[in-house]
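Only one structure is covered here, and it is reproduced in the block below.
Labels below follow one simple rule: chain letters A, B, ... track the order of the sequence lines, proteins then strands, and each chain is numbered from 1. Computed from a prediction, not measured in an experiment: that's the story for all the values here.
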Amino acid sequence: MAPFDFSTVSPWLDGVVNLVIGVGFGFVLERAGFGSSKKLTSQFYLNDMSVLKVMFTAIITCLVLVTATTAAGVVAFEKLWVNPTYLASGIIGGFIFGIGFVIGGYCPGTALTAVATLKLDALGFIVGLLGGILTFGYTLPSVDHLFNDVTNLGRFTLDEWLGLPMPAITVIVVAMALGFFAAAEAVERWMRRRTGDSQVSPRTHWPRTMALSLVGIALLSLVLWVPLRPLRTQTALAAIERNIAQLRVAIEPDELAELMRDRTQPYVVFDLRDESEFNRFHLLDAERVTPDALASIVSVPAKTIKIMIASTAGQAVSSYRSLASKGVQNIYWLHDGMNAWTRMLIREQPGFMLAASALGAAQPASRPSAHKGHAPSANIVHKIVRAGGGAAKSGGCGG
Amino acid sequence: MGMALGVVLYLSYLFTGHGLGASGGLARWVTALLGWVSPRQVQTHSFFAHLGAGANNPWSHWIIWEISGVLLGGFLSGLLGRRVSLEVQRGWRLTPGVRLLLAVVGGWLAGWGTQLSRGCTSGQALSGGAVLSVGSWAFMFAVFGGAYAVAYPVRKLWR
């Protein structure tokens, strides 16, 4: 099931895929005329609304394709990287960005294509961008309260916000975009009449058949959304069983130790073992829950990595199956539980023994730092998929 | 062209799981350049450390490949359309020198803004908008808001 992840096959293949996609992106931007700051800024003087039209056409085309393939169970939408929502910093940053766009004449992607066709002003813009990014790196401490404030809503999509099924939102967005196009073309005609401006490009009429087919696919996805639910569920359940059978979500203790040392990745550890076992020895910050109560844990953010430590393999599998089928994301279990953790410590510190008394997390072995420096990090098998696409991936711009 | 762009964006989601981007790649260029000048600066500032200290190599990220492709694709399209020419695109009132200075100033503001908003028109507005991110839509309207707010006062730059 898509999305495919070539980085698990070979990082080079993944690189080449991204390169080819980048070529397509740059080609289309340049072809649309966006390698010219004069064309781009025309948008803001209402002479030529191509920027708005091309951008919204691209958004609704992609959105309709994503919606249709999600409805059909071909694409797992929850596996696609969705830019996390940070309202305050996004809006303030966007406003400043917009001002820079008008003064500088480009945005980052279009400036790259313009540099490729030797536009020197775009080179100046890129130099400015690099300077602005460098400045941000140094000023981050003073804007950190804004950068990481309470309006951080994580992965938050319009359908979740409005409580409507995804295809309904798609239909609304497509209709809204078509409305924008009609308005934009009316404004262009008005400007042409008013100014007789020769800079106004001749109208490439937005093809009606294309518009109708997008609306048609969006409506079809909406109508078939509920009837296709069993198919989607079936595909999702098959993926869960594959994860179990191929131990894709059973992580090794070395990877867990690495995760515990990584301060940038939020994670939680749920310990499903008996109270007595838990009290004798458990991992630092592990939370003890009974397998029955585990299902009620929905308050943990989707992108937080959830690690289960079970007393038996059967318990781990059944807990995983029940959580995953409820749509809980990013769940893993420690392969062979605390036995594996102890084996790792013995491997690294021959003669290691757990203290006999019940020390809980006070056991030195609770901490990954107990064996820091010994971990053969090159040999770690990475199974955890970081927020977004493939392992250790992040999304687009912000990094 | 918009539809072609949408298809490229969709293929990106399909084959990589993420959308397109630009400013994230430039942030990695900055980190790599800073690392050459002074590795210490990269290690001691959380923003750069996150992108390029320790196990994080600023060059080993999909977006580096992707923006290299953008340069290549832009060049190919320009070549086919005979638009590859050394020039300074500017409003008729401006001298090339003033235009270049303003390009740097605008780029500076935009660059600072992209990092605060965690993305630019490509990675945030276009990509996030197509997968219905609430924050991306808010960003998109904010960009148009900022741009239209200053377009009239600075109209002599372009008109």
Ring centres under 6.0 Å, that's the criterion: do B:Phe48 and A:Tyr138 meet it?
yes
Mind checking whether A:Phe101 and B:Val150 have side chains closer than 4.5 Å, heavy atoms only?
no
Check ring-ring contact (aromatic ring centres under 6.0 Å, His included) between B:Tyr13 and all other residues, then give those that pass, not counting sequence neighbours.
none
Heavy-atom distances under 4.5 Å only: say whether B:Arg155 touches chain A with side chain, backbone, both or neither.
both
Sub-4.5 Å side-chain heavy-atom contact between B:Leu86 and A:Leu120
yes
Set of residues satisfying ring-ring contact (aromatic ring centres under 6.0 Å, His included) with respect to A:Phe136, sequence neighbours excluded
A:Phe147, B:Phe47, B:Trp112
Would you mind checking which part of A:Thr139 comes under 4.5 Å of any heavy atom in chain B, side chain (CB onward), backbone (N, CA, C, O), both or neither?
side chain
Flag the pair A:Ser89 / B:Gln115 as yes when at least one side-chain heavy-atom distance between them is below 4.5 Å, and no otherwise.
no
Minimum heavy-atom separation for A:Ile133 to B:Ser23, with atom names?
CD1-O, 4.1 Å
All side chain to side chain contact (heavy atoms under 4.5 Å, CB included) counterparts of A:Ala58, not counting sequence neighbours:
B:Leu5, B:Leu126
Under a 4.5 Å heavy-atom cut-off, does chain B meet the side chain of A:Leu140, its backbone, both or neither?
side chain
Any sub-3.5 Å donor-acceptor pair from A:Asp121's side-chain atoms to B:Gln89's backbone N or O?
yes
For atom CH2 of A:Trp12, decide whether the heavy atoms of other residues, nucleotides or ligands shown that lie under 6.0 angstrom number more than 12.
no
For the side chain to side chain contact (heavy atoms under 4.5 Å, CB included) test, which of A:Ile103, A:Leu129, A:Val102 pairs with B:Leu109?
A:Ile103
Relative to chain B, which segment of A:Glu160 carries a heavy atom at a distance below 4.5 Å: side chain, backbone, both, or neither?
neither
Beyond-backbone contact of B:Val131 with A:Phe77, side-chain heavy atoms, under 4.5 angstrom
yes
Heavy-atom contacts under 4.5 Å, residues 33-41 of chain B to chain A
B:Leu34, B:Gln41
Does a donor on one side chain and an acceptor on the other come within less than 3.5 Å for B:Arg82 and A:Thr117?
no
Around A:Arg31, counting heavy atoms of other residues, nucleotides and ligands shown, do more than 12 lie under 6.0 Å from its CZ?
no
For A:Ile99, which atoms come within 4.5 Å of any heavy atom of chain B: side chain, backbone, both, or neither?
both
Between B:Thr121 and A:Phe97, is there a side-chain heavy-atom distance shorter than 4.5 Å?
yes
Which answer fits A:Leu153, side chain, backbone, both or neither, if we ask what part of it has an atom under 4.5 Å from a heavy atom of chain B?
neither
Determine the interplanar angle of the A:Phe56 and B:Phe144 rings, folded into 0 to 90°, and report it as parallel if under 30°, tilted if 30 to 60°, perpendicular if over 60°.
tilted
So for atom OH, which belongs to B:Tyr152, do other residues, nucleotides or ligands contribute more than 12 heavy atoms lying within a distance under 6.0 Å?
no
Nearest heavy atoms of A:Pro108 and B:Thr114, plus distance in Å
CG-CG2, 4.2 Å
